[in-house]
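Data block below; observations after.
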Amino acid sequence: MTAIAPTGHGDAIGPGGTRGVRGGRGVELCLLVGAVLIAVYGYVAVGLARDGAVPPDAARYGAGLGLLALLAHLTVRLCARYADPLLLPIAVLLNGLGLVLIYRLDLETPADRAAPTQLVWSTLGVALFIAVVAALRDHRALQRYAYVCGAAALLLLAVPILFPEVNGARIWIRVGPLSFQPGEFAKVLLAVFFAAYLAANRDALAARGHRGHRDLDALPGADGGPRGRMRLPPGRVLGPVVTIWLVSVGVLVLERDLGTSLLFFGMFVIVLYAATGRASWVAVGLLLASAGAFAVGSVEPHVHGRVEDWLHPFASIEAGRGPGQLAQSLFAFAAGGMLGTGLGRGDSVLIGFAAKSDFILATAGEELGLVGLTALFLLYALFVARGYRTALALRDPFGRLLATGLATVPALQVFVIAGGVMGLIPLTGMAMPFLAQGGSSVVTNWIIVALLVRVSDSARAPDPPPTLTGAPASAVGRAEARR
Amino acid sequence: MIPCIRRAAGLCLLLLAALLVNAVRVQLVEAPVLDKNPANRRPALARYAEPRGNILVGGRPVTGSRDSGGRLRHERTYTEGPLYAPVTGYSSQTYGTTLLEHTEDTVLAGTSAMLTALPLWREFSRTRAPGGNVETTIEAPLQRLAFEGLRGKRGAVAALEPSSGRILALVSSPSYDPAALSGTGRRTTGAWARLNARSDQPMLNRALRQTYPPGSTFKLVTAAAALESGVVEDPDGPTGAPEPYLLPGTRTRLPNEATGCGRASLAYAIRWSCNTVMAHLGVTVGLPGMLEAVGRFGFNDGSLRVPSAVARSHFDRELTVDRLALSSIGQYDTRATPLQMAMVAAAVANEGEIAHPYLVERTTTAGGDTVRRQLRTSYRRAMRPTTARVLQRLTVEAVERGSGRRAAIPGAIVGGKTGTAQHGMDNIGTPYAWFIGWAKDPDEVRPAVAVAVVVEDAAAKRQDISGGGSAAPIARAVMAAALRGR
């Protein structure tokens, strides 16, 4: 919070003119060098701990990561030179550390090596980052594709239902040796759709009767509204909201994916709140979500089992069936203690299945300790904070809501999976952003970074282009009218 | 819109803060409990991650470590498992540790704080010192001879250096290979089940953990009690024990294997093992005197550690007079470990004082620096030196001219006492053959060795299984080797 507050009133709201903001590309480059060095150091530390020698390909790994970082940096320098200088280094650092952790776990499972594949996916992710930053010169262009994005997201979410269940969840599409989770890509598409839809309809949803396109932000307190006036908005506007809720529940029931469902709904509620300023929406949303989660949790055995595991992580030990995954994960975190065992010296591989993906944080917790874990959480917090700061600094509602949605995705995702593997909330399969093994996830995260870099460039640019507030909103309006 | 976005940001950061608080809960607050959860395999993994230190006999390791390549990485190996099993015990990934593998575990596993000059650094860096080594007092030639002597029989041998308490040989037969229990999996559990199912109990450490009725060898203890209490003042004078001797208060006649025991002297009774004389002396000393005397030898002491735990040797605290008579000749409920009887012989040889027996000479770091050296300590004074010298003479006579002739070694002073212990309901079990003795080089001041041998042989005929017949030759071989080794 403190990271945002001091800047909010100053340069965020000031209309146009010079804001004394320099691009910060030099800072970004320095931070990138630091990020790459930390990742390479981690890689070397693993080798030293395991074999007592620097891994032979440490230089190649460093050069590869450095090259990716450099290309991304050059793209930002050329195409988005006012972008926030922290976003890219944080992404590179997290991705680099993720590769180190996966490589480290690969040493325990020589038959199943995931780090090379992850490196390929990371490269693809950076390539997409470069493509998005280079091709998308103004984020407001996305507004035009709002309904396309929404439909595509629904399609991506629906497709895995046709594919066989994997480990209790239907979230995968498998084509030959390739498999990916379309739900990951749906996150970005839905963020775009929510932002565009709510930017266009926020007045109607705010349900304050007739109101023109006044600049609400210029009137402090206007968002809060008088309390006690809870009128439901007209069904025409409410429809899509209910649809989203149904989709979330549908995802939960049909795909048995509690995490994705929670993520979509959480992001939607937060963006809805940001757009309308109606706390009642949040209340209704939370009520619906809890009702849905409770109903599904009691009825659906897979989800019910997860809740039971959360409440009684050691029940399987007492029953003589040995420790379950969650118990093993807790053991790993406990073994890390304050300082951790050191990279390459832990036994988090005992978690077994999904140690490199859903449970990757346990390896970080065991080998880097509470200190390392805190650093990781702070990195995520910083990333999210920079995303929100961008949202505050932007002037167009679509951009604001888009940045809010994009910053919310990793925040919720980190909470859901980290809280899950540490016994804070029921465990649900989900990738730790950037750290976890998983191609779809890493690629999606790079697209999120690209979009945030793009909007932050608009937010921080000293001489903003003339406001187009009306045009894109009416484009959505037209699209809706045609429907 | 801006306050809402700010509140949303606040919510997101609140979620991350919740994660941090939860991380503190799991990693610091609950960690000690989670670390100790029996299902947590980390302690086991750390334990077997590095090769275990070795147990040494005569400067050479009798143990080793094998990299199994499994998750519990290093497995214990034994160079001559059955020979040294009563010394080393086993170190099993499935069944834990016993004997020296158990008592010296912190040194062998490298967890002892004494192995490192900077224990705090080890704590901080979470590294383990390489496993240290344990040097035993066992003398390989004695151990081997005792083991060979018991081959094919059931029994045990314990040999001590009387002056220091060093345990020179500790053999139990039949034995087993502890290497069969080292690992995990079906082969290990199968071996465990087979060893436990065998009726001859190969995993029983007969030298330390099994008690036998000591039979006539116990007469040395009774003799010491009689001499110490003044019941016998002249060992060569008549004791007044009648023959036939009826157990007091009964009409049961106590038989003698030897002849000429009527009113015989203590010297004659020890030399030829007269039951009647010793039972009579025990009764004359009385229960309180006998209890005091046996306690001075270590009977009824359950706390002896060498450092492996030694079973408690037993003499009843409450007895009727007839049973006191039987107990005084090592029958009825009197029971002793072979080590206890070796300590009796050592007390005789060492002027009445028993040095605390011990198995570990010193422990070292992997690099050879001494971690701890065992110093000689006194265990108990069993009798006055004058009493001990009398018993030395009597036991030497027993070997030179009495029942223990087969233990005699030319050129050496050897004292000893045979025993044939009845056991079982109405004494129908095959008797145990005993021999306890000591040997000394005439040119040396200190005795070289004290030894106790027990043979329980189901196959032998009753006549053959006298202490003089089957136990004495084994004792002789061990004592001769000890004299040679000086």
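So that the names make sense, note that chain A is the first sequence line, chain B the second, and so on, each numbered from 1.
- Contact count against chain B (heavy-atom pairs under 4.5 Å) is highest for Gly369(A) among Gly322(A), Gly369(A), Gly342(A).
- Heavy atoms closer than 4.5 Å to chain B are found nowhere in Ala327(A), neither backbone nor side chain.
- Comparing Ile270(A), Leu370(A), Leu401(A) by how many heavy-atom pairs each has under 4.5 Å with chain B, the most go to Leu370(A).
- Interatomic distance, CG of Leu16(B) versus OG1 of Thr374(A), reported as 12.0 Å (0.5 Å rounding).
- Looking at heavy atoms from C-beta onward, Leu392(A) lies in side-chain contact with Arg6(B) at the 4.5 angstrom threshold.
- Between Ala23(B) and Phe377(A), the shortest heavy-atom distance links the atoms CB-CE1, 4.4 Å.
- Between the side chain of Asn37(B) and the backbone N or O of Phe331(A) there is no donor-acceptor pair closer than 3.5 Å.
- If you measure heavy-atom distances from Leu330(A) to chain B, the contacts under 4.5 Å come from both the backbone and the side chain.
- Of the listed residues (Ala381(A), Gly337(A), Ala418(A)), the one with the most heavy-atom contacts under 4.5 Å to chain B is Gly337(A).
- Between Leu34(B) and Phe314(A) the shortest side-chain heavy-atom distance falls below 4.5 Å.
- Nearest heavy atoms, Cys12(B) versus Val384(A): CB-CG1, 4.0 Å.
- With a 4.5 Å cut-off on non-hydrogen atoms, Thr404(A) touches chain B through its side chain but not through its backbone.
- Options Arg41(B), Arg25(B), Arg42(B) differ in how many heavy-atom pairs under 4.5 Å they form with chain A, and the most are formed by Arg42(B).
- A donor-acceptor pair under 3.5 Å is absent between the side-chain atoms of Gln27(B) and the main chain of Met338(A), judged by distance alone.
- Heavy-atom distances place the side chain of Ile317(A), and not its backbone, under 4.5 Å from chain B.
- Other residues, nucleotides and ligands contribute more than 12 heavy atoms inside 6.0 Å of the CZ atom of Arg305(B).
- Looking at every heavy atom in both residues, Ala9(B) comes nearest to Tyr388(A) through CB-CG, 3.3 Å.
- Annotation: maximal heavy-atom pairing with chain B below 4.5 Å, among Thr341(A), Ile425(A), Leu424(A), Leu350(A), occurs at Leu424(A).
- Rounded to the nearest 0.5 angstrom, Leu19(B) CG and Leu376(A) CG are separated by 11.5 Å.
- Applying the 6.0 Å contact sphere to CD of Glu50(B) captures no more than 12 heavy atoms from other residues, nucleotides or ligands.
- Ranked by heavy-atom pairs under 4.5 Å with chain B, the first of Gly266(A), Ala332(A), Ala407(A), Ala403(A) is Ala332(A).
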